[in-house]
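The figures that follow rest on heavy atoms only: side chains count, while hydrogens, waters and symmetry mates do not. Residue numbers begin at 1 in each chain, while the letters A, B, ... track the order of the sequences.
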There are 2 protein chains.
Amino acid sequence: MSLRNEILQVTKELLIKEGFSKISMRRIASRANVTATSIYLHFKNKDDLLLTLIEESIKTLKQALQDSVNSEYGLTDQLRILAETYINYALNHPQEYEIIYMVRPEEMPKYPKDKFRDVRSAYELIADIIRESDHHEYIEVEDSLISAYTFWAQLHGVVSVILNRRLDTRIPQSTFIDQSIEHIIRGFINQKTPA
Amino acid sequence: MSLRNEILQVTKELLIKEGFSKISMRRIASRANVTATSIYLHFKNKDDLLLTLIEESIKTLKQALQDSVNSEYGLTDQLRILAETYINYALNHPQEYEIIYMVRPEEMPKYPKDKFRDVRSAYELIADIIRESDHHEYIEVEDSLISAYTFWAQLHGVVSVILNRRLDTRIPQSTFIDQSIEHIIRGFINQKTPA
DNA sequence: AGAAAAGGTTAACACTGTTAAGTTACGTTT
DNA sequence: AAACGTAACTTAACAGTGTTAACCTTTTCT
């Protein structure tokens with residue numbers, strides 16, 4: 001395996017095992033049996049390394065969402081499954097999910113904007129699904145892109161509360177998730193009476 | 001003014017002006033015309049200092065929410081106003097809002113849990129409002145505490161997308177906010193036909 | 001006045017990201 | 001085969017970080 005990939009994998013392992021705050025160039029390097037400076041031969045700096053990792057994570061999240069799409073579902077069922085997939089991914093890959101949202105454009109101005117556009121593209125997928133589905137279920141989709149973003153933002157909020165350990169201990173996590181999903185889905189449904 | 005308060009204010013200013021990443025004990029100290037070690041006479045460590053700041057921010061957020069409560073509103077109107085207040089606070093105090101959610105319990109195990117319970121208590125306020133309001137508007141409130149949390153989580157998601165600069169540039173921020181609020185509120189309304 | 005405590009300092013430790021300069025090894029061209 | 005170029009890697013260093021120990025000075029209390 002090339003050192004570049006070795007570094008990426010070691011960083012990911014370190015991230016998963018010890019968390020974001022415990023990561024340092026020297027620790028990564030030592031676990032790859034290399035000096036810290038060697039990392040700079042393959043990555044511009046620490047942010048570049050992390051961004052590369054982010055891109056990978058985005059890709060797997062995107063794939064998971066893609067795999068959960070099935071044209072046989074109705075829109076509400078499809079949205080429900082997307083929501084579950086999204087939340088499951090986040091809870092099963094907390095450190096990866098975290099760095100996706102941790103790194104902020106303005107804090108790394110050196111980087112080309114298209115990298116961040118990449119990060120966003122995962123949500124276009126949701127927009128596509130809303131746009132392409134048949135609208136027979138009294139759904140609000142005046143602007144599918146905006147709807148996709150509100151959908152995603154609400155999912156992110158749910159995940160965020162759990163990952164940041166801000167959920168009240170009296171509330172079971174699964175109950176919170178289920179109820180949140182129901183609220184979110186219902187937000188998309190018109191108040192018109194169903195046929 | 002006591003040095004303790006001086007430090008708090010200087011830290012807050014630094015935070016607002018230069019952001020989270022640019023904060024260091026020495027920079028804070030120098031702006032207060034003091035040595036870095038002096039800070040440790042008033043705060044256990046950097047996390048303690050930031051936690052104290054968080055508590056202050058929570059207090060003002062809580063106050064803003066409290067001030068927006070008016071028993072003359074119906075529940076949906078009240079929720080809408082709470083949502084607007086919450087989002088406005090976050091967008092007007094981005095750095096303060098950020099540190100509220102940035103510091104994670106597991107990353108500072110030295111701290112007593114009740115400090116984090118304090119952080120959470122702002123959302124009990126929302127729970128109270130849902131619980132105390134009359135339920136004549138076909139609202140889902142089987143468990144007001146859970147409802148409050150889903151409400152807050154969704155708001156946090158909306159704010160988070162904006163503050164993390166993850167909103168698509170094609171979408172106007174105000175449109176996003178308005179539509180998100182509508183979705184969130186609608187999530188609380190039963191599908192029953194209104195009278 | 002003398003003791004105790006509070007408020008402040010300097011110097012140091014063990015880290016951090018990052019860079020400049022130097023070394024080694026390998027593949028290509030002549 | 002010899003020379004060159006370059007890629008991969010290292011050592012040493014810089015400037016910065018949070019934090020602690022030891023020390024000094026000023027205020028407060030008895």
Side-chain angles (χ1 to χ4, degrees), chain A residues 1-55 95 98-99 102-112 115, chain B residues 1-55 95 98-99 102-112 115:
Chain A
M1 179 166 38
S2 75
L3 180 57
R4 188 173 192 278
N5 287 336
E6 173 90 13
I7 291 170
L8 279 174
Q9 198 188 309
V10 161
T11 307
K12 195 170 176 179
E13 286 169 14
L14 242 169
L15 199 65
I16 290 170
K17 233 193 299 173
E18 316 209 18
F20 194 83
S21 63
K22 294 283 178 193
I23 275 195
S24 86
M25 298 302 259
R26 284 175 175 83
R27 279 165 68 83
I28 293 167
S30 112
R31 257 184 182 63
N33 294 315
V34 154
T35 321
T37 49
S38 286
I39 301 177
Y40 290 86
L41 300 172
H42 302 278
F43 302 93
K44 286 172 78 175
N45 49 38
K46 194 183 184 183
D47 286 345
D48 186 32
L49 170 58
L50 293 180
L51 251 191
T52 308
L53 226 54
I54 291 177
E55 281 168 12
Q95 283 84 359
E98 184 177 348
I99 60 169
M102 213 152 191
V103 184
R104 299 256 282 285
E106 68 262 35
E107 280 172 12
M108 13 204 313
K110 331 161 190 174
Y111 286 94
K115 291 223 174 194
Chain B
M1 176 167 37
S2 75
L3 180 57
R4 189 173 191 280
N5 288 335
E6 172 90 12
I7 290 171
L8 280 173
Q9 197 186 311
V10 161
T11 307
K12 196 170 176 178
E13 285 169 13
L14 242 169
L15 199 65
I16 290 169
K17 232 193 302 172
E18 316 209 17
F20 193 83
S21 62
K22 295 283 177 193
I23 276 195
S24 87
M25 298 300 260
R26 284 175 176 84
R27 280 164 67 85
I28 293 167
S30 113
R31 257 185 181 65
N33 295 317
V34 154
T35 322
T37 48
S38 286
I39 301 177
Y40 290 86
L41 300 172
H42 302 278
F43 302 92
K44 286 172 76 176
N45 50 36
K46 193 182 183 185
D47 286 344
D48 186 31
L49 170 56
L50 293 180
L51 251 191
T52 308
L53 226 53
I54 290 177
E55 281 168 12
Q95 282 85 358
E98 184 177 348
I99 60 169
M102 213 149 188
V103 184
R104 300 256 281 283
E106 69 261 37
E107 280 171 12
M108 12 205 313
K110 330 161 191 174
Y111 287 93
K115 290 225 174 191

Item to complete: Using a 4.0 Å heavy-atom cut-off across all strands, classify S24(A) as base, sugar-phosphate, or nothing.
Response: sugar-phosphate
Contacts of R26(A) and V34(A) projected onto DNA chain D by closest heavy atom; the upstream (5') one is V34(A)
Between H42(B) and L3(B), the two heavy atoms sitting closest are NE2-CD2, 3.6 Å
note: I7(B), atom CD1; dG18(D), atom P; distance rounded to Å ~ 13 Å
Between F43(B) and the options I7(B), T11(B), L51(B), the side chain to side chain contact (heavy atoms under 4.5 Å, CB included) test singles out I7(B)
Interatomic distance, CZ@R4(B) vs CG@L41(B), rounded to 0.5 Å, equals 12.0 Å
Picking from dG18(D), dT11(D), dT9(C), the nucleotide nearest the side-chain atoms of T35(A) would be dT11(D)
Open item on the list: For dA7(D) and H42(A) - does any side-chain N or O of the residue sit under 4.0 Å from the phosphate oxygens OP1/OP2?
Closed with: no
To the nearest angstrom, the OH-P distance between Y40(A) and dT18(C) comes to 4 Å
Distance col, row R31(B):CZ vs E13(B):CD, nearest 0.5 angstrom, shows 8.5 Å
Inset, instruction - Identify whether any heavy atom of R27(B) sits under 4.0 Å from a base atom; if not, whether one sits that close to sugar-phosphate; answer base, sugar-phosphate or nothing. - result: sugar-phosphate
Rounded to whole Å, CG of D48(B) lies from C1' of dT19(D) at a distance of 14 Å
From the candidates dC9(D), dT17(D), dT19(D), the one with an atom nearest any side-chain atom of N45(B) is dT19(D)
Quick note, T37(A) side chain, CB onward, closest among dT9(C), dA20(C), dG18(D) is dA20(C)
Rounded to whole Å, the CG-P distance (L41(B) to dA21(D)) equals 13 Å
* Remember a base hit wins even if backbone is also touched, and classify I23(A) as base, sugar-phosphate or nothing at under 4.0 Å, heavy atoms. => sugar-phosphate
Rounding to 0.5 Å, atoms CG (L49(B)) and NZ (K46(B)) come to a distance of 9.0 Å
In whole angstroms, the gap separating P of dT17(D) from CD1 of I39(B) amounts to 11 Å
Atom CG of N33(B) and atom C1' of dT9(C) are separated, to the nearest Å, by 14 Å
From CD1 of I28(B) across to P of dG16(D) the rounded distance in Å is 16 Å
Closest to the side chain of L3(A), out of dC9(D), dG8(C), dG18(D), is dC9(D)
K22(A) atom NZ is separated from dG18(D) atom C1', nearest whole Å, by 12 Å
